[in-house]
Amino acid sequence: MKRALGTCYYPEHWPEEMWAQDAANMIAAGITWVRIGEFAWSRMEPTPGTFTFDWLDRAIDTLSAAGLKIILGTPTCTPPRWMLDRFPDMLAVDAQGQPRKFGSRRHYCFSHAGYRAASGRIAEVLGDRYGRDPRIQGWQIDNEYGCHDTVLSYSDAAREAFRLWLRNRYGDIDALNAAWGNVFWSMEYRGFDEIDLPNLTVTQANPSHELAFRRFSSDQVVAYHAVQVAALRARTDAPLIHNYMGRVLDFDHFDVGASIDIASWDSYPIGFLSDRLEGSAEHKARYLQQGDPDMQAFHHDLYRAVGKDGRWWVMEQQPGPVNWAPHNPAPLPGMVRLWSWEAFAHGAEVVSYFRWRQAPFAQEQMHAGLRRPDDAPAPGLAEAAQVAQEMAQMPDVAVKKAPVALVFDYPSEWAWATLPQGDGFSYFRLMLDAYRALRRQGLSVDIIPSTVDDVSDYAMVLAPGLAHLPDALKTALTGTVALLGPRSNAVTKELCIPVPMGPDLPGLNTTVARVESLPPNVTRAVKGGGTIQHLVEMLEGQATTGLETIMGDAILKSEGALHYLGAWPDEVLWDRIIVDLAEQAGVETRELPEGLRLRDTQTHLFAFNYSPDTVLFDGVQIPPAGVHWWAR
Ligand code: GAL
């Protein structure tokens with residue numbers, strides 16, 4: 001598969017006279033894919049049942065005639081205003097019980113049967129018209145499920161569907177009462193029809209209730225998605241794609257990904273650093289115009305796991321300042337190129353820039369494109385064109401299996417969010433810390449789901465924070481160098497404390513006897529260097545103590561290749577742990593200059609310099625935003 005560049009284009013935003021020149025300019029820049037249509041419902045069907053596809057036909061003609069391959073989006077993330085007349089109760093409802101209004105996007109509730117059917121219908125209409133059109137080489141279903149906090153909806157439709165979901169899951173109400181521990185605070189129900197959604201309770205709702213609602217809500221996304229998958233599968237052989245957004249975790253991406261062909265995601269490195277990442281002020285200042293060195297790579301590796309047979313794209317790549325983060329600096333010169341190459345090195349088939357031209361109107365008018373609103377080239381365009389030229393001159397990169405795997409599990413995120421036991425820390429944050437630690441040692445990483453039953457291809461597997469460990473994985477982990485904890489296998493599937501207590505790993509005599517959470521300014525020093533923070537567990541049992549605090553409390557217990565970590569390490573301690581594990585696993589680590597990251601492929605070893613300074617690595621000076629590769 002030849003790697004390629006793309007862009008997101010909105011023919012409905014521009015006079016038709018511009019389309020042909022736009023298409024020619026895309027081709028001239030080395031762009032070969034174009035995504036269209038995903039927000040254009042009001043132009044496809046201006047009033048119910050009246051379809052106006054003539055403009056779309058002409059846009060497809062023009063783009064394709066220039067040599068572009070087209071991804072067509074179903075427009076279901078932007079239901080037009082008339083849809084509300086049909087379904088006044090289709091709006092998602094927030095946790096305060098307020099319906100979310102029309103006037104932006106993603107205002108629908110996934111549980112609303114009428115809107116779900118209407119979404120299937122527009123997918124059918126589009127599929128009937130374009131499904132066999134060879135110019136349409138891929139279909140994007142909806143856009144960014146869950147973005148703008150839209151998975152959890154407390155609507156009437158959601159409540160009814162939740163009751164049904166609970167009935168199917170538990171069968172009888174006594175089983176549910178027992179599973180959730182509803183005897184506590186007299187929360188017992190006499191029937192499924194008495195169960196409400198877990199919002200607006202006086203104090204915290206029962207965590208089991210809340211986790212069930214989160215599982216249900218994820219399943220509703222999957223069920224909503226399935227309707228469009230069915231509509232399109234019957235009408236096209238082109239690959240089906242969903243386009244995910246970074247750090248949107250309220251639904252299980254593996255479940256959505258199971259029915260489609262390609263996972264794509266939206267990479268906004270500078271927006272993410274400012275908007276959705278923990279980190280010190282120093283870290284954020286240092287990487288202000290580059291983005292966090294690990295956030296993008298983490299998602300690349302995640303979506304390689306979500307996509308069928310490892311197929312994944314970056315559908316939207318930040319090309320300049322965005323509009324939606326608290327602060328929106330411009331990328332350092334070179335970063336658009338670096339982000340693009342980094343995605344290819346992690347296996348992306350396509351990197352597509354959002355958007356072709358900056359819109360002079362509406363919500364995103366301050367969001368850069370590859371071209372300015374006056375159509376002059378913006379700085380990102382030259383970097384995209386440079387990537388295209390460089391790609392033409394080198395053989396395609398090919399993904400290589402990494403030596404290390406990191407288990408990522410959406411229900412664990414929900415379990416942590418439901419029962420965090422401390423402010424400011426989350427499963428995702430812990431995972432990113434573990435991932436960073438691996439990458440600081442120069443390691444390439446595969447992310448894998450918790451549903452795997454064989455990890456024998458990996459020299460080393462990490463599963464921190466994995467709330468509930470499936471039996472198959474538990475067994476599989478005993479054959480490799482494995483690190484679990486903190487808080488791995490700590491709860492039942494219903495979010496209760498299991499007895500015997502966790503981590504309950506075969507071959508590791510260790511029990512977590514107590515859990516503490518600490519405020520962010522408190523750390524405890526560890527013998528030999530480093531500290532622990534946020535979360536500290538008291539470890540009991542006969543397994544060998546590998547690390548302890550200066551007070552003598554065990555924080556790492558091991559037997560052979562199996563290790564349990566009972567705390568959240570700082571960087572120094574993570575580095576010690578990873579170096580030791582890698583040595584045990586026979587995996588080579590490398591010391592890297594700060595901000596430099598490596599990625600190994602079958603054909604090349606890549607180095608990416610996220611730091612604002614020139615670094616020296618392997619005898620090569622790599623400037624800020626520099627990319628270097630060595631042929632294998
Ligand atoms: C993405 C979204 C795009 C656009 C972009 C702005 O989340 O898919 O439609 O809003 O962000 O950065």
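Counting starts at 1 for both ligands and their atoms, in listed order.
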**OP:** Over 60° means perpendicular and under 30° means parallel, so classify the ring planes of W41 and Y115, tilted if in between.
**Re:** tilted
**OP:** Please say whether H367 places an N or O atom under 3.5 Å from an N or O atom belonging to ligand 1.
**Re:** yes
**OP:** Establish, from distance only, whether the side-chain atoms of T76 and Y108 form a donor-acceptor pair under 3.5 Å.
**Re:** no
**OP:** Pull out every atom of ligand 1 sitting under 4.0 Å from any heavy atom of F39, numbered as shown with elements.
**Re:** 9 (O)
**OP:** Apply the test ring-ring contact (aromatic ring centres under 6.0 Å, His included) to residues Y10 and H13: give CA-CA distance (whole Å), side-chain angles for both, the deciding distance (0.1 Å), then the verdict.
**Re:** CA-CA 5 Å; Y10 301 91; H13 295 180; 5.0 Å; yes
Original post:
Which class fits the ring pair F408 and Y427: parallel under 30°, tilted 30 to 60°, perpendicular over 60°?
Top reply: tilted
Subject >> Nearest non-hydrogen protein atom, atom 10 (O) of ligand 1 >> reply: E364 OE2, 2.3 Å
Subject >> For atom 9 (O) of ligand 1, closest protein heavy-atom neighbour >> reply: R105 NH1, 2.8 Å
**OP:** If you have a sec, work out which protein heavy atom is nearest atom 5 (C) of ligand 1 and how many Å separate them, to one decimal?
**Re:** Y268 OH, 3.3 Å
**OP:** Any atoms of ligand 1 less than 4.0 Å from a non-hydrogen atom of W324? List them with their elements.
**Re:** 6 (C), 12 (O)
Original post:
When you check the side-chain N and O atoms of H367 and N328, is any donor under 3.5 Å from an acceptor?
Top reply: no
**OP:** Please say whether N143 places an N or O atom under 3.5 Å from an N or O atom belonging to ligand 1.
**Re:** yes
**OP:** State the atoms of ligand 1, each with its element, that fall below the 4.0 Å cut-off from a heavy-atom position in M245.
**Re:** 7 (O)
Subject >> Aromatic ring proximity Y610/Y287, centre distance under 6.0 Å >> reply: no
Original post:
Without hydrogens or angle criteria, can the side chains of Y268 and D275 be said to hold a donor-acceptor pair below 3.5 Å?
Top reply: no
**OP:** Please report which non-hydrogen protein atom sits nearest to atom 7 (O) of ligand 1, along with the residue it belongs to and the distance in Å to one decimal place.
**Re:** E144 OE2, 2.5 Å
Original post:
Looking only at non-hydrogen atoms, which of R106, E316, E38 approaches atom 11 (O) of ligand 1 most closely?
Top reply: E316
